[in-house]
Amino acid sequence: MRNLAIVDLGSNSARMAVSRLHPNGTATEIKRVKEDTRLSESMGSEHVLQPAAIDRTIRALLDFKKIYTRMPNTDVIGITTAAVRMAQNQKAFLARVKKEVGLELKVLSGDDEAYYDYLGVANSLVVNDCLILDTGGASCELILVKGGREQQLISVPFGAVTLSEQFELDDLVPAANLFRAQMFLRNRLADIWWLTEAMHFPIILLGGANRTLARVNRRRQQKLKVEDIHGYRLKTETVYQTFLDLLTRSKAGRQDISGMEYDRADIIVGGMLPLVTLLQMLDSDRVIFSESGVREGIISEHLNSEN
């Protein structure tokens, strides 16, 4: 029996999921780990990966390697997304990863990332008419689903880290900064003509900022399994109330919120802004959270290719 390890190097965190592949064409996850690397930190308008961020990421990948090399019969697929996709020093970074870690990373295009998100969601939740939103550190993926089928998809080059840095949303947020960020998002999202077809649709959520939104509210609702967010639903009004609470707090105040990851408090406002903006634009009444995304989409494709 073989295992498949998916190493997913995102713009804000690095994750690895190891699944056991069964002869009947199914898979069972047996290991999941995550390290905060903030690879897209301080890339700026020049889109250059910075030395400190690269060093953090290499260390995380070496930690992952210690795990999967101890697992017999394990194939490894390495992927990376927006930060590396946009980086001017992409080739040098990929070469260093290959040399120091022995891992060849595939740089997913924005369309690839969005499509794998769709596969991951469609294989784990009942999806009919909805909009899928994956908020990453340096990009957002949007997928329009109608009748259970993907109709349109796009990746846009802004996310939790880049919005937080560009509009200085990390600590107490001045009204002017928030207004500029909202106007920026509205203008960029208005260019996506097919979004109007998602009016009143529920939004299915992926990505670290959205997972944090779910955990915070599960804590407040005193749910027993805080991390069990797959299929969890929130009304739009609850999302707005949570966002307002975040805006009234400093970074330190956000770190005190139960369910908030300590290292995400400075980017959570920027991370929630795309969702809040879309909820307003589309007049959606609810959100649904998914734990299945790119990694699960790739596993699904891998299993289908073997059968």
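In this structure, Thr80 and Val97 have side chains that are not in contact, with every pair of non-hydrogen atoms separated by 4.5 Å or more. Proximity of Val33 to Asp63: side-chain heavy atoms (C-beta onward) are nowhere separated by under 4.5 Å. A 4.5 Å side-chain heavy-atom check between Met281 and Leu185 finds every atom pair outside the cut-off. A heavy-atom distance below 4.5 Å is not found between the side chains of Arg15 and Val294. No side-chain heavy atom of Pro274 sits less than 4.5 Å from a side-chain heavy atom of Arg188. Within the 4.5 Å cutoff, the side chain of Ile77 has no heavy atoms near those of the Lys106 side chain. Within the 4.5 Å cutoff, no side-chain heavy atoms of Arg254 are placed close to those of Arg264. In this structure, Ile6 and His302 have side chains that are not in contact, with every pair of non-hydrogen atoms separated by 4.5 Å or more.
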Worksheet item: Between Asn217 and Arg220, does a side chain to side chain donor-acceptor pair (under 3.5 Å) hold up when you go through it step by step?
Response: CA-CA 5 Å; Asn217 279 281; Arg220 290 176 175 175; 4.8 Å; no

Discussion item. Side chain to side chain donor-acceptor pair (under 3.5 Å) for Ser109 and Asp111? Distances and angles first, verdict last.
Written reply: CA-CA 5 Å; Ser109 70; Asp111 284 356; 5.6 Å; no

Practice prompt. Step by step, work out the side chain to side chain contact (heavy atoms under 4.5 Å, CB included) result for Ile143 and Asp134.
Written response: CA-CA 9 Å; Ile143 305 98; Asp134 182 357; 5.8 Å; no

Worksheet item: Going through the checks in order, is the side chain to side chain contact (heavy atoms under 4.5 Å, CB included) test met by Leu275 and Leu213?
Response: CA-CA 11 Å; Leu275 169 60; Leu213 169 65; 3.7 Å; yes

Worksheet item: After noting the C-alpha distance and the side-chain angles of Tyr115 and Glu150, does the key distance pass the side chain to side chain donor-acceptor pair (under 3.5 Å) rule?
Response: CA-CA 8 Å; Tyr115 182 68; Glu150 167 262 323; 5.9 Å; no

Worksheet item: Where do Glu296 and Arg32 land on the salt bridge (Lys or Arg N to Asp or Glu O under 4.0 Å) test, with the steps shown first?
Response: CA-CA 12 Å; Glu296 290 74 20; Arg32 178 178 288 220; 3.0 Å; yes

Discussion item. Applying salt bridge (Lys or Arg N to Asp or Glu O under 4.0 Å) to Glu261 and Arg215, what does each step give before you reach the verdict?
Written reply: CA-CA 10 Å; Glu261 291 178 85; Arg215 282 195 301 271; 2.7 Å; yes

Worksheet item: Which is it for Leu125 and His230 under the side chain to side chain contact (heavy atoms under 4.5 Å, CB included) test, yes or no, and what are the steps along the way?
Response: CA-CA 9 Å; Leu125 288 174; His230 192 66; 3.6 Å; yes

Item to complete: Give the intermediate values and the outcome of side chain to side chain contact (heavy atoms under 4.5 Å, CB included) for residues Ser11 and Ser139.
Response: CA-CA 8 Å; Ser11 304; Ser139 72; 5.7 Å; no

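In this structure, the side chain of Arg218 does not engage the main chain of Leu224 through any donor-acceptor pair within 3.5 Å.
The pair Arg233-Asp285 does not count as a salt bridge, with every side-chain nitrogen at least 4.0 angstrom from each carboxylate oxygen.
Under a hydrophobic clustering in which Ile, Leu, Val, Met, Phe, Trp and Tyr are joined whenever their side-chain heavy atoms come within less than 4.5 Å, directly or via other members, Val156 and Leu133 fall into the same cluster. Put simply, Val101 and Phe93 are part of the same group of oily side chains (I, L, V, M, F, W, Y) that touch within less than 4.5 Å, one to the next. In terms of hydrophobic clustering, with Ile, Leu, Val, Met, Phe, Trp and Tyr side chains grouped at heavy-atom distances under 4.5 Å, Leu247 and Met272 are assigned to a common cluster. Linking Ile, Leu, Val, Met, Phe, Trp and Tyr residues whenever their side-chain heavy atoms come within less than 4.5 Å leaves Leu172 and Leu169 in two separate clusters. If you chain together hydrophobic residues whose side chains sit under 4.5 Å apart, Trp194 and Leu153 never meet in one group.
Shown here for Ile268 and Ala265, the closest heavy-atom pair between the two residues is CG2-O, 3.5 Å. Between Ala17 and Glu29, the shortest heavy-atom distance links the atoms CB-OE1, 3.7 Å.
Heavy atoms from other residues, nucleotides or ligands lying under 6.0 Å from NZ of Lys34 number more than 12. In the displayed structure, Gln241 atom CD is contacted under 6.0 Å by more than 12 heavy atoms of other residues, nucleotides or ligands. Crowding of Tyr240 atom OH: a count of heavy atoms from other residues, nucleotides or ligands under 6.0 Å exceeding 12.
How far CG of Leu61 is from CG of Leu105: 6.5 Å, rounded to the nearest 0.5 Å. Separation of atoms CG (Asn123) and CG (Asn304) is listed at 7.5 Å; rounding is to 0.5 Å.
Counting only residues at least two apart or on different chains, the side chain to side chain donor-acceptor pair (under 3.5 Å) pairs with a member in residues 153-166 are Arg85-Ser155, Glu141-Ser155.
In this structure, Tyr232 and Phe289 have parallel ring planes: the angle between them is below the 30° cut-off, well short of the 60° mark.
Here the rule is side-chain contact (heavy atoms from CB on, under 4.5 Å) with Arg56, and of Glu41, Glu35, Gln50 only Glu41 fits it.
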